[in-house]
J.: 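Dropping the structure in here first, questions after.
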Amino acid sequence: MEKLLELYKKWKGSVPANVEKLEGAGSNREYFRMADEDGETIIGVIGTSRDENHAFVYLAKHFEKRQLPVPHILAVSKDETRYLQSDLGDTSLFNAIRGGREAGGRYNLAEQELLHRTIRELPNIQLRGARGLDFSNCYPQPEFNQESVLFDLNYFKYCFLKATELDFHELKLEANFRMFAKDLTSEKMDSFLYRDFQARNVMLDKDGKPYFIDFQGGRKGPFYYDLASFLWQASAKYSFKLRRELVFDYYQSLKNYTEVPSKRHFVNRLSLFVLFRTLQVLGAYGFRGYYERKKHFIDSIPPAIQNLRDLLALGEDVFHYPYMMDMLKRLTQLPQFAHIEKPAVNRADGFKTVEKDIYNANPLDGPATFSKYDGKGPLVVRVFSFSFKKGIPEDSSGNGGGYVFDCRSTHNPGRYEPYKKITGLDEPVIRFLEDDGEILDFLKPVYKLADHHVKRYMQRGFTDLMFCFGCTGGQHRSVYSAQHLAEHLNEKYGIEVRIVHREQGIEQTLKAR
């Protein structure tokens, strides 16, 4: 610590007014927030591994030259065991999206936007960051290769697989491991492989712009690895839909930096790295959980196994390793990894889930995020008739309006003298429209749509729904349609329906039953 203070004094010209030790980041480095008399802060770092520190300092300086969002290196000790860097604050992406993660993957729009911003920025550091980079400075090795892949696969075998006591043929599995390692390294890429790209290693400024930290383990390698590492992190619980959107975002952003492979090739290659990354993290969870008995890692095993189940569903068309796939399938079927459906968790910020979802979603979609207006009830439907010449009725509920149907395609009784002074509520007009039949065909799909919408709104406990029917004068066809839909909904669902025939000055309420 004294040497870090000396480095600060040499850089600043005075000792810091305040020093605060920060939480560790999973490596052998210690972090300190150091403030001067004016309250300006920087981060001081002490690391016992000179090579690791050297890699970070070199990469940070290189990335800054490429105008990438990384910390600025302020000073480095001669032995490279201590250095000072700019302070990026306390808000990590991991903390910013905590609400969605703790609610079982129900990320709100603001959290999703932060994820989209981050994933769009990833190709920037991978491709632009690799230009002119001397990979010999990387730690602990300069390039992603078969040797490192086999190391991680064997880590999975010895630290996780053997601990489950699953019976397997070690030589057959090793042969498939070698095939897998060869495929993972078959495409040579000159991109920067971040290796530890996760939400904890992304800091956000006050505007939500992402900055990257802890990239000292990076090396030359395929860009698929980081995407798989980020989006298939088990504890993040990203839904299939959100994950798919983020993959597409990344693919589109990648086009700005390099010639991209076809979508089919991209997805197939990505799938290989998702499987590799899943086995890699299971190895880590096994060591930290089964051997070191750390609860966080034990708790992370079930979602990682579920990720593995989802991958196995892709089949041998993607993964051409028959023995390994059979072994992994048997692994996911072990009793200790039985899939147990857990109750939905409410968000703490107004977004919530209902106790039982009415419609069963595809399990790949993950849990839904529900509106904070759910469950208010009861539903009241408002139905209007109007003339298009006088404009569409305004919505007084504040919900922004609802359905508007144009009745002008149907036969108009207002063209004929006997009907000009009466409305769609009167028997002669009703008989004319129903004998003609066009209005009945017009209303069939309207009834079907309205039935579905009303039923769903009642199930979710929404309070307001609006239907509007317009015609030329707001007298015949629109009045008939509005009245009949209102009576249909009141009779079928027993809900309150308020009818407004605007141009006729008629209002009516059909009471709830």
Side-chain angles (χ1 to χ4, degrees), residues 55-73 85-89 91-94 96-97 110-135 137-139 142-144 187-233 236 238 242-261 263 265-267 269-270 273-274 277:
F56 179 81
V57 170
Y58 169 78
L59 290 170
K61 289 181 176 180
H62 172 78
F63 292 151
E64 190 172 13
K65 288 180 182 178
R66 304 299 303 176
Q67 298 183 321
L68 298 172
V70 297
H72 172 58
I73 301 299
Q85 67 180 52
S86 58
D87 187 357
L88 297 177
T91 306
S92 68
L93 177 63
F94 181 80
I97 62 173
E111 292 163 345
Q112 291 181 41
E113 176 57 25
L114 291 176
L115 290 167
H116 282 284
R117 287 187 191 181
T118 300
I119 212 67
R120 285 195 294 263
E121 191 67 29
L122 176 57
N124 192 14
I125 195 169
Q126 290 178 314
L127 278 299
R128 283 186 62 231
R131 294 171 190 167
L133 194 155
D134 182 358
F135 286 99
N137 289 283
C138 292
Y139 171 86
E143 187 172 4
F144 179 82
E187 291 186 6
K188 296 298 180 183
M189 293 188 178
D190 293 331
S191 60
F192 175 71
L193 190 160
Y194 200 119
R195 187 165 173 83
D196 196 20
F197 188 68
Q198 56 168 305
R200 294 180 188 273
N201 291 339
V202 178
M203 304 300 293
L204 303 174
D205 67 10
K206 57 182 175 55
D207 298 319
K209 178 183 177 181
Y211 284 78
F212 302 119
I213 62 171
D214 282 1
F215 38 72
Q216 65 279 351
R219 62 201 65 175
K220 181 190 290 187
F223 46 68
Y224 301 100
Y225 183 103
D226 294 328
L227 186 61
S229 177
F230 187 81
L231 294 183
W232 273 265
Q233 186 169 1
Y238 300 128
L242 176 58
R243 191 182 283 150
R244 181 177 56 197
E245 291 173 352
L246 291 169
V247 169
F248 179 76
D249 244 13
Y250 175 86
Y251 183 78
Q252 293 300 110
S253 180
L254 194 64
K255 294 178 180 179
N256 296 320
Y257 305 97
T258 188
E259 183 177 348
V260 298
K263 290 181 181 178
H265 181 84
F266 180 89
V267 170
R269 291 293 296 172
L270 177 60
F273 281 90
V274 173
R277 181 62 179 164

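The figures that follow rest on heavy atoms only: side chains count, while hydrogens, waters and symmetry mates do not.
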J.: Is any side-chain heavy atom of N201 less than 4.5 Å from a side-chain heavy atom of F215?
T.: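 Result no, sub-4.5 Å side-chain heavy-atom pair not found.
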J.: With no hydrogens and no angle check, do the side chains of S229 and R277 hold a donor and an acceptor under 3.5 Å apart?
T.: yes
J.: Which heavy atom of K209 sits nearest a heavy atom of R117, and at what distance?
T.: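 Heavy-atom minimum between the residues: N-NH1, 4.0 Å.
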J.: Which pair of non-hydrogen atoms, one from G129 and one from L68, has the smallest distance, and what is that distance?
T.: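 Looking at all heavy atoms of both residues, the shortest contact is CA-CD1, 3.6 Å.
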J.: Measure the OH-CZ distance between Y225 and R269 for me, rounded to the nearest 0.5 Å.
T.: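 Going from the OH atom of Y225 to the CZ atom of R269 covers 14.5 Å.
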J.: So, do E121 and P69 sit near enough that their side-chain heavy atoms are less than 4.5 Å apart?
T.: yes
J.: Taking it one step at a time, do Y224 and M189 satisfy side chain to side chain contact (heavy atoms under 4.5 Å, CB included)?
T.: CA-CA 10 Å; Y224 301 100; M189 293 188 178; 3.3 Å; yes
J.: Enter the distance from H116:NE2 to T118:OG1 here, rounded to the nearest 0.5 Å.
T.: 10.5 Å
J.: Between the main-chain N or O of F230 and the side-chain N or O of Y238, is there a donor-acceptor pair closer than 3.5 Å?
T.: no
J.: Test of understanding: with ring-ring contact (aromatic ring centres under 6.0 Å, His included), list the residues that count as partners of Y251, not counting sequence neighbours.
T.: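 With neighbours one apart ignored, the set is F266.
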J.: Hey, could you give me the CD/CD distance between Q233 and Q198, rounded to the nearest 0.5 Å?
T.: 5.0 Å
J.: Show your reasoning for whether side chain to side chain contact (heavy atoms under 4.5 Å, CB included) applies to K61 and V70.
T.: CA-CA 9 Å; K61 289 181 176 180; V70 297; over 6 Å; no
J.: I'd like to know whether L115 forms a side chain to side chain contact (heavy atoms under 4.5 Å, CB included) with I119, so could you lay out the CA-CA distance, the side-chain angles of the two residues, the decisive distance to 0.1 Å, and finally the verdict.
T.: CA-CA 6 Å; L115 290 167; I119 212 67; over 6 Å; no
J.: Donor-acceptor pair, D226 side chain versus F197 backbone, under 3.5 Å?
T.: no
J.: Considering all heavy atoms of both residues, which atom of Q126 and which atom of F223 are nearest to each other, and what is their separation?
T.: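 Reported closest heavy-atom pair: NE2-O, 3.3 Å.
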J.: Please confirm whether the backbone N or O of P71 pairs with a side-chain atom of Q85, one donor and one acceptor, at under 3.5 Å?
T.: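 No, the answer is negative, given that no donor and acceptor are paired below the 3.5 Å cut-off.
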J.: Which heavy-atom pair separates D214 from D196 by the least distance, and what is that distance?
T.: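 In this case the closest contact between D214 and D196 is O-CB, 4.4 Å.
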J.: Using only atom types and a distance under 3.5 Å, with no angle test, would you say the side chain of S92 pairs donor to acceptor with the backbone of M203?
T.: no
J.: Is any side-chain heavy atom of L254 closer than 4.5 Å to a side-chain heavy atom of L127?
T.: yes
J.: Please report the shortest heavy-atom distance between W232 and L227, naming the atom on each side.
T.: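 Closest pair (atom of W232, atom of L227, distance): CE3-O, 4.2 Å.
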J.: As an exercise, state the distance from CD1 of I73 to NE2 of H62, rounded to the nearest 0.5 Å.
T.: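 One gets 14.0 Å once the value is rounded to the nearest 0.5 Å.
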J.: Could you measure the distance from the CG atom of D190 to the OG1 atom of T258? Nearest 0.5 Å is fine.
T.: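 Here the interatomic distance stands at 9.5 Å.
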J.: In Å and rounded to the nearest 0.5 Å, what is the OG1 to CG distance from T91 to L114?
T.: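 Result: 10.0 Å between the selected atoms.
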J.: Step by step, would you call L59 with L133 a side chain to side chain contact (heavy atoms under 4.5 Å, CB included)?
T.: CA-CA 8 Å; L59 290 170; L133 194 155; 3.6 Å; yes
J.: Tell me, yes or no, whether the heavy-atom count around K255 atom NZ, taken from other residues, nucleotides or ligands under 6.0 Å, exceeds 12.
T.: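 Above 12, so yes.
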J.: Using modelled atom types and a 3.5 Å cut-off, is there a donor and acceptor pairing between side-chain atoms of N137 and backbone atoms of D134?
T.: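 Yes; judged by distance alone, with no hydrogens or angles, the pair exists.
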J.: Which of these passes ring pair (Phe, Tyr, Trp, His ring centres under 6.0 Å) with F63: Y211, F192, F56?
T.: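 Option passing the ring pair (Phe, Tyr, Trp, His ring centres under 6.0 Å) with F63: F192.
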J.: If only atom types and distance count, is the side chain of H72 paired as donor or acceptor with the main-chain N or O of A60 below 3.5 Å?
T.: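 Looks like no, no N/O pair under 3.5 Å.
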J.: Check salt bridge (charged side-chain N to carboxylate O under 4.0 Å, His left out) between R120 and all other residues, then give those that pass, not counting sequence neighbours.
T.: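 In terms of salt bridge (charged side-chain N to carboxylate O under 4.0 Å, His left out), with neighbours along the sequence ignored, R120 is linked to E113, D249.
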J.: Please name the pair of heavy atoms, one in L193 and one in K220, separated by the smallest distance, quoted to 0.1 Å.
T.: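 Looking at all heavy atoms of both residues, the shortest contact is CB-C, 4.4 Å.
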J.: Between R219 (side chain only) and C138 (backbone N and O only), is there a donor and an acceptor less than 3.5 Å apart?
T.: no
J.: Could you tell me whether R200 sits above the aromatic face of F94, with NZ or CZ closer than 6.0 angstrom to the six-membered ring centre and within 45 degrees of the axis?
T.: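 Yes; both conditions hold, so R200 lies above the ring face of F94.
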